[in-house]
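Inspection log for the structure reproduced underneath, given as structure tokens.
All values below were derived from every heavy atom in this structure, side-chain atoms included, with hydrogens, water molecules and symmetry-related copies excluded.
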Amino acid sequence: YNLIVTIGKEPSEAATNLSSTVPVIFACVDDPVSANLVESMEKTGTNATGSSDFPPCASLVKAIKKILPKAKRIACLYNSKDDFSNKQVKELKKACEEEKLTCIDTGVVEEKDIEAKINELKGTAAGIYLPNDKMITDNMTIISATADRLKIPLFCNSKDLLPLGALASVTSNYYEIGKKTASSIVAVLFRAEEPSEISVILSQEGEFDYSPITSEKLGIEIPDELKN
């Protein structure tokens, strides 16, 4: 075979372990460097390249600004011991800086500290960002209840959190990721380019969604331009 195409972290790892010479084009691997598929996102330095579905933090911040145009500070609630959560928060902080927002670092180490950390945000944060983080998902009941009591909306990069109390999400656009992955396949198969020289494609284009129930409960209008 001339090429291996994979979707997701585990199949991609298996393919690169299978051969160090056959080109591997992967899709939907959120952190290919940590997965040891590539040496860097720019020049991969391996027989693999492809596309990442790292959460589109910049698109989410842009949406937050449209929903809360007067907001000045957004908090990031996350497991500070989780490497992937730290990477998401790092990207969110960059996006906040570009949008002239202050990001309040609200890292937690233990689940029992979550409620207290949210209570500290009363009167200081216009909204709370929730990364794709198991600790956060597992504790959405207390997070949502506490944030609702303080009238602080929750924003995330996962549609799964909308029924659990989040107001709005911006998730990866997998149709666009698929098209961009195809461009890497074409480059390797038909233009004889080396995967090691092809940058991993990181798409920050996202799909917006929101919870009408939470919107009504918090009295926060979602702009028509986001709904459309």
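Ser144 places no side-chain N or O within 3.5 Å of a backbone atom of Ile142 that could act as its donor or acceptor partner. Put simply, the side chain of Arg73 gets close to the backbone of Thr124: a donor and an acceptor are under 3.5 Å apart. Put simply, the side chain of Thr49 gets close to the backbone of Ile198: a donor and an acceptor are under 3.5 Å apart. With hydrogens and angles ignored, the 3.5 Å screen pairs no side-chain donor or acceptor of Thr106 with any backbone N or O of Ile118. The backbone N or O of Asp31 lies less than 3.5 Å from no partner atom in the side chain of Ser34, so there is not a single donor-acceptor pair. Ser199 contributes a side-chain N or O that, together with a main-chain N or O of Glu42, makes up a donor-acceptor pair within less than 3.5 Å. Between the side chain of Ser203 and the backbone N or O of Ile177, no donor-acceptor pair lies under 3.5 Å. With hydrogens and angles disregarded, no donor-acceptor distance shorter than 3.5 Å links the side chain of Asn79 to the backbone of Ser85. Looking only at distances, no side-chain donor or acceptor of Ser169 sits under 3.5 Å from a matching main-chain atom of Asn157. Without hydrogens or angle criteria, Ser215 side chain to Ser211 main chain gives no donor-acceptor distance under 3.5 Å.
For the pair Lys117 and Asp113, the salt-bridge criterion is not met [side-chain N within less than 4.0 Å of a carboxylate O]. A salt bridge does not link Glu99 with Lys65: every distance from a Lys NZ or Arg NE/NH1/NH2 to an Asp or Glu carboxylate oxygen is 4.0 Å or more.
Following chains of ILVMFWY side-chain contacts shorter than 4.5 Å, one can reach Phe155 starting from Tyr210, so the two form part of one hydrophobic cluster.
Counting heavy atoms of neighbouring residues, nucleotides and ligands inside a 6.0 Å radius, atom NZ of Lys43 does not exceed 12 of them. Applying the 6.0 Å contact sphere to CD of Glu97 captures no more than 12 heavy atoms from other residues, nucleotides or ligands. The number of heavy-atom neighbours closer than 6.0 Å to CD1 of Ile213, taken from other residues, nucleotides and ligands shown, is 12 or below. Applying the 6.0 Å contact sphere to CD1 of Ile7 captures no more than 12 heavy atoms from other residues, nucleotides or ligands.
Across all non-hydrogen atoms, the minimal contact from Val38 to Ala48 is CG1-O, 3.7 Å. Shortest non-hydrogen contact noted between Asp30 and Asp53 is N-OD1, 3.1 Å.
Side-chain contact between Leu68 and Pro153: present, with at least one pair of heavy atoms (C-beta onward) separated by less than 4.5 Å. Taking 4.5 Å as the limit, every side-chain heavy atom of Cys76 sits out of range of all side-chain heavy atoms of Asp105.
With ring centers used as reference points, Phe84 lies under 6.0 Å from Phe54.
Rounded to the nearest 0.5 Å, atoms CD (Glu10) and CD (Glu13) are 6.0 Å apart. Note that CG of Leu77 and CG of Leu154 are 8.5 Å apart. Values are rounded to the nearest 0.5 Å. Between atom OG of residue Ser183 and atom CD1 of residue Ile201 there is a gap of 3.5 Å, rounded to the nearest 0.5 Å. Distance CD1/Ile152 to CG/Leu167: 13.0 Å, rounded to 0.5 Å. To the nearest 0.5 Å, atoms OG1 (Thr214) and CG (Leu162) are separated by 7.5 Å.
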Take Thr102 and Ile74 through the side-chain contact (heavy atoms from CB on, under 4.5 Å) test and state the conclusion after the steps.
-> CA-CA 6 Å; Thr102 298; Ile74 299 294; over 6 Å; no
Could you walk me through whether Leu3 and Val22 pass the side-chain contact (heavy atoms from CB on, under 4.5 Å) check?
-> CA-CA 6 Å; Leu3 182 80; Val22 176; 5.6 Å; no
Does the side-chain contact (heavy atoms from CB on, under 4.5 Å) test come out yes or no for Val108 and Met135, once each step is laid out?
-> CA-CA 9 Å; Val108 294; Met135 180 189 286; 3.6 Å; yes
